[in-house]
Amino acid sequence: MKEDRRIQRSRDALHQALVALVLEKGYEAVTIKDIVQRANVGRSTFYAHYDSKEDLLTNGLAELRALLTARQQAALAEKGDVGQRCLGFSLALFEHAQSFRDIYRVLVGERASAIVMNRMRALFADLVSQDLAAIAPAANDGQIPRSALIQFVVGALMSVLAWWMDRKSRLSPAEVDTIFRRLTIPAIVAAFDGSILNIDGDSERR
């Protein structure tokens, strides 16, 4: 147990050091040497836990994916229209971002790394793809390519999240989620010519 606590302290120190350094001088300028010095740990300790600074920054994405997927599946299991069931993970994302605001400012803010941004986009694209597969099977595709719709929704999500983080908005996660959903749900419905699936798998025309 003591070993586990020591490992967690080292990881926390490295995360805190990275976030502080990125906020000071930007992600690209930060080196592993900077990180270990700020965290007051040895380089060997860093490499015992992480392969690179990108790995350090994004290692929490697996836990985030699990959280968002759970919320998504719960929403899809509910009865209701597409506005209630689709993108059920979004509020959980904004709540998570509120809890770890400094880290998200690094992940998606003006100083974000392209590598990290791409990993975030890939995560969100997977989630959106799963939503669309559940509410609108391929047979119901309209004239807009599904891949284009996925990228549109992901782009909107990334943009709203970055806007909220960078501008230090006082809006609550629920208020930001409402903005995001009002921008994207109508586009999703329109992209499939208004044809979606209800909870029983029957086609609905809106």
Side-chain angles (χ1 to χ4, degrees), residues 1-72 89-130 150-151 153-173 176-177 180:
M1 184 65 68
K2 289 183 178 180
E3 180 69 18
D4 291 342
R5 286 199 295 266
R6 185 162 61 248
I7 290 172
Q8 190 59 52
R9 281 198 299 269
S10 295
R11 290 177 174 173
D12 290 345
L14 289 167
H15 273 285
Q16 292 167 9
L18 176 61
V19 170
L21 287 164
V22 172
L23 292 175
E24 288 175 13
K25 59 182 183 179
Y27 179 82
E28 299 300 339
V30 177
T31 65
I32 291 176
K33 180 180 179 181
D34 295 332
I35 297 169
V36 297
Q37 287 181 342
R38 179 65 65 91
N40 195 28
V41 302
R43 185 178 286 264
S44 60
T45 298
F46 179 94
Y47 285 111
H49 302 296
Y50 307 105
D51 296 327
S52 64
K53 66 177 184 178
E54 288 83 8
D55 187 32
L56 169 61
L57 187 59
T58 61
N59 81 96
L61 288 185
E63 294 181 6
L64 177 61
R65 179 188 289 272
L67 168 66
L68 299 185
T69 299
R71 290 289 190 91
Q72 176 186 56
F89 64 88
S90 59
L91 177 57
L93 172 65
F94 293 122
E95 290 172 341
H96 193 266
Q98 177 80 307
S99 299
F100 301 96
R101 199 173 186 93
D102 284 346
I103 294 176
Y104 273 83
R105 287 177 62 198
V106 173
L107 288 172
V108 301
E110 294 178 354
R111 295 185 172 185
S113 158
I115 293 175
V116 174
M117 290 283 280
N118 286 339
R119 291 189 186 184
M120 293 286 287
R121 291 185 69 91
L123 168 58
F124 298 151
D126 285 346
L127 291 166
V128 174
S129 178
Q130 291 165 19
I150 291 171
Q151 291 306 310
V153 175
V154 171
L157 180 56
M158 295 289 288
S159 295
V160 170
L161 183 58
W163 164 77
W164 186 40
M165 293 292 101
D166 283 346
R167 293 179 179 272
K168 300 181 180 179
S169 171
R170 294 185 179 180
L171 293 175
S172 70
V176 178
D177 187 55
F180 167 67

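Just so you know, these numbers come straight off a predicted model, no measurement behind them.
Taken to the nearest 0.5 Å, the NE2 atom of H96 stands 11.5 Å off from the CG atom of L161. To the nearest 0.5 Å, the span separating CD on Q151 from CE on M158 amounts to 10.5 Å. Here Q72 contributes atom CD and L67 contributes atom CG; the two are 11.5 Å apart, rounded to the nearest 0.5 Å. Atom CG of N40 and atom OG of S10 lie 10.0 Å apart (nearest 0.5 Å). Atoms CD and CZ, on Q16 and R9 in that order, are 12.5 Å from each other to the nearest 0.5 Å. How far CG of L21 is from CZ of R38: 4.5 Å, rounded to the nearest 0.5 Å.
Side chains of L93 and F180 form no contact here, defined as non-hydrogen atoms less than 4.5 Å apart. With a 4.5 Å cut-off on side-chain heavy atoms, R65 and D126 count as touching.
Taking each heavy atom of L91 and D177 in turn, the nearest pair found is N-OD1, 3.3 Å. A pairwise comparison of heavy atoms in L14 and L56 identifies O-CD2, 3.8 Å as the closest pair. Scanning all heavy atoms of the two residues, the minimum distance from F124 to L68 falls at CE2-CD1, 4.3 Å. Of all non-hydrogen atoms in K33 and V36, the two that sit nearest each other are O-CG2, 3.3 Å. Closest approach of A39 to A13, counting heavy atoms only: CB-O, 3.6 Å.
A donor-acceptor pair shorter than 3.5 Å can be found between the side chains of Q8 and D12. A donor atom on one side chain and an acceptor atom on the other are found under 3.5 Å apart for D34 and T31.
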- Message: What verdict does the side-chain contact (heavy atoms from CB on, under 4.5 Å) test give for L123 and R119, after you've listed the backbone C-alpha separation in whole Å, the side-chain angles of each residue and the deciding distance to 0.1 Å?
- Response: CA-CA 6 Å; L123 168 58; R119 291 189 186 184; over 6 Å; no
- Task: Determine, step by step, whether Y104 and Q98 satisfy the side-chain contact (heavy atoms from CB on, under 4.5 Å) criterion, reporting the C-alpha distance in whole Å, the side-chain angles of both residues, the deciding distance to 0.1 Å, and the verdict.
- Result: CA-CA 8 Å; Y104 273 83; Q98 177 80 307; over 6 Å; no
- Message: Set out, in order, the CA-CA distance, both residues' side-chain angles and the distance that settles side-chain contact (heavy atoms from CB on, under 4.5 Å) for F46 and R11, then state yes or no.
- Response: CA-CA 8 Å; F46 179 94; R11 290 177 174 173; over 6 Å; no
- Message: Apply side-chain contact (heavy atoms from CB on, under 4.5 Å) to residues Y50 and L57 and explain how you reach the verdict.
- Response: CA-CA 9 Å; Y50 307 105; L57 187 59; over 6 Å; no
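A donor-acceptor distance shorter than 3.5 angstrom exists from the side chain of S159 to the backbone of G155, with no hydrogens or angles considered.
Residue-environment remark: CG (N118) exceeds the threshold of 12 foreign heavy atoms within 6.0 Å.
Geometrically, R105 does not engage W164 in a cation-pi contact, judged by NZ or CZ lying under 6.0 Å from the ring centre and within 45° of the ring axis.
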